[in-house]
Amino acid sequence: MGRHHARVLAAMPGVRLIGACDPAPQAARHAVAGLPVFPDLDQLLGLGLDICVVAAPTLAHADIGTRLAQAGVHALIEKPLAASAEEGRALADAFERAGLVGCVGHIERFNPVVRAMRDRIARGEIGTVLQVTTSRQGPYPRRIRDVGVILDLASHDIDLTRWITGSPYLKVSAVTNQVTGGSSHEDLAAVAGVLEDGTVVNHLVNWLSPVKERLVTVTGQLGCLRGDLLALALRLHRHDLRSAPDDRAAGPVADDRGIACELAAHEPLRAELEGFVAAVHGRPEHIVPMRAGVEVMDVTSAILSAPRVGVEVPHGGADIAPPGPERVVAVVPPRPGEDGAVPGAAFARAEPSAASHGDLPVLVAGYVPALNSRRFF
């Protein structure tokens, strides 16, 4: 990612790219032509930087960011902002105390599809937002070693969901699994959550699919927006409330084709960096402040620490014969408490047996109750 930042910065008017820091011995071979690459940050700081982009392993963000703040250098730090919400909060504090611009690289906010979604939602084109679903899947990235899919992938969708709806997260639960041996972190996750305004959210992320996809669907009372962040395509689907041909009662009629939405033509990374530079010059351009990155990390921390209750699933299903080993997942219905309230979430766990399932991983199904009472949360 650092090489992409260097490419864009080198071509931006009003910016002079003067150096990079990378301790890897082969780093200089991949740098922009003529760009000096130093193995130590102090050498880079010795050049008298005004701004710096941090595209380093997540575990190094806190140390690098703190040293930049101490040196009086404005910084854009790639997401996730830090290895923990506490580290991210300390970074945000450090830049604010120093009076510096500190932002985080949640680049999807600069994707033309996401921007158009936000604008159309704000104009009320789909009415009150009811649900946001995302799918972010693809092959295992060899560049990732120190985080799992929650921090690397789901953080994108968490931030864009908060941004396009204008509502923070209220409650989250998740199913995660670690399938490959590439790292000790999760490489598959299904996240379910609720925003403070009652919007239901679902995020599917994995590093296991041979097909790369980045899809976002926002459903409202008047229709839905369906965006493909890779193909840069957005379609608006509205309910057709005309009476059906057989004169049955009027109701929604499917709109499968939708309307193609016009999108602004710009490179998201360039728009992100232009906003950063403008903010350093004191112009009120769009950036993602470090505080927003911290709030995303509060959500990812909640996902990774979410408790799960295991419930044994009775053997059954004599009427089905899957072609291979079966993974059984059950959903436990909600049970009202003494005051009649339904718990915020109930879970069931399907344990693999040595006889029938071998070493298949455990799957968990989560239940999110209807949102007709805030006391559920």
Side-chain angles (χ1 to χ4, degrees), residues 77 79-93 95-96 102-111 113-115 117-124 126-134 136 149-174 176 189-205 216-221 225 227 229 272 275 286-307 343-345 366 368-377:
I77 299 180
K79 66 88 210 156
L81 178 58
S84 68
E86 291 73 21
E87 286 186 354
R89 197 166 282 109
L91 278 176
D93 290 341
F95 278 83
E96 289 173 4
C103 47
V104 60
H106 280 292
I107 196 170
E108 293 293 26
R109 289 201 193 188
F110 301 87
N111 188 300
V113 176
V114 176
R115 285 192 166 187
M117 275 188 159
R118 185 174 189 263
D119 292 342
R120 288 177 177 273
I121 290 169
R123 293 198 296 263
I126 60 171
T128 300
V129 175
L130 305 175
Q131 185 177 44
V132 178
T133 65
T134 67
R136 188 175 293 266
V149 291
I150 296 297
L151 280 172
D152 184 56
L153 297 184
S155 58
H156 278 301
D157 297 319
I158 291 165
D159 183 70
L160 73 84
T161 296
R162 294 174 66 257
W163 191 58
I164 64 177
T165 62
S167 180
Y169 281 68
L170 178 66
K171 188 177 181 67
V172 290
S173 60
T176 64
V191 178
V194 182
L195 305 184
E196 283 192 358
D197 65 1
T199 300
V200 175
V201 298
N202 304 93
H203 306 306
L204 296 178
V205 291
V216 181
T217 301
V218 183
T219 303
Q221 290 178 322
L225 288 161
L229 307 188
E272 179 182 61
H286 176 51
I287 62 170
V288 185
M290 285 185 176
R291 289 291 171 194
V294 172
E295 291 172 8
V296 169
M297 296 202 68
D298 284 335
V299 178
T300 59
S301 296
I303 293 171
L304 291 170
S305 64
V368 177
L371 301 175
N372 56 8
S373 173
R374 284 297 171 85
R375 64 178 177 166
F376 292 173
F377 306 104

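All values derive from a computational prediction rather than experimental measurement.
- Annotation for I287 and G275: closest pair CG2-O, 3.4 Å, computed over non-hydrogen atoms.
- When the side chain to side chain donor-acceptor pair (under 3.5 Å) test is applied to R291, the partners found at least two apart in sequence or on another chain are D93, E96.
- Ring planes of H286 and F110: tilted class, angle from 30 to 60°.
- In terms of heavy-atom proximity, I150 sits nearest to A189 at CD1-CB, 3.5 Å.
- Proximity of a side-chain donor or acceptor of T300 to a complementary backbone N or O of M297 within less than 3.5 Å is detected.
- Checked against salt bridge (Lys or Arg N to Asp or Glu O under 4.0 Å), E295 has the following partners two or more places apart in sequence or in another chain: R162.
- Comment: E108 engages R136 in a salt bridge, judged by a side-chain N to carboxylate O separation of less than 4.0 angstrom.
- Within the model, atoms CZ of R120 and CD1 of I126 stand 10.5 Å from one another, a figure rounded to the nearest 0.5 Å.
- Of all non-hydrogen atoms in A82 and L91, the two that sit nearest each other are CB-CD1, 4.4 Å.
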Check your understanding: Between D298 and R89, does a side-chain contact (heavy atoms from CB on, under 4.5 Å) hold up when you go through it step by step?
Key -> CA-CA 10 Å; D298 284 335; R89 197 166 282 109; 2.8 Å; yes
Review point. How far apart are the C-alpha atoms of L229 and L160, what are their side-chain angles, what is the distance that settles it, and do they pass the side-chain contact (heavy atoms from CB on, under 4.5 Å) test?
Key: CA-CA 11 Å; L229 307 188; L160 73 84; 4.3 Å; yes
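- Contact record, V191 with A174: CG2-CB, 4.1 Å, taken as the closest heavy-atom pair.
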Point to revise | Stepwise side-chain contact (heavy atoms from CB on, under 4.5 Å) check, V216 with V114 | key: CA-CA 9 Å; V216 181; V114 176; 5.5 Å; no
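- Of the inter-residue distances, the one linking D197 atom CG with T199 atom OG1 reads 3.5 Å to the nearest 0.5 angstrom.
- Looking at residues two or more places apart in sequence or on another chain, you find a side chain to side chain donor-acceptor pair (under 3.5 Å) between T134 and D157, H203.
- Here D119 pairs with nothing under the side chain to side chain donor-acceptor pair (under 3.5 Å) rule; sequence neighbours left out.
- Nearest heavy-atom pair across S305 and S301 is OG-O, 2.8 Å.
- In terms of the salt bridge (Lys or Arg N to Asp or Glu O under 4.0 Å) criterion, R118 has no residue partners (sequence neighbours excluded).
- Atom CG of L195 and atom OG1 of T165 lie 5.0 Å apart (nearest 0.5 Å).
- R115 CZ to W163 CH2: the interatomic distance, rounded to the nearest 0.5 Å, is 5.5 Å.
- Remark: L81 CG to M290 CE distance equals 5.5 Å, nearest 0.5 Å.
- Under the side chain to side chain donor-acceptor pair (under 3.5 Å) criterion, T128 pairs with Q221, not counting sequence neighbours.
- One finds the CG atom of L151 at 6.0 Å from the CG atom of L304 (value rounded to the nearest 0.5 Å).
- Scanning both residues, A192 and N202, for their nearest heavy atoms gives CB-ND2, 4.0 Å.
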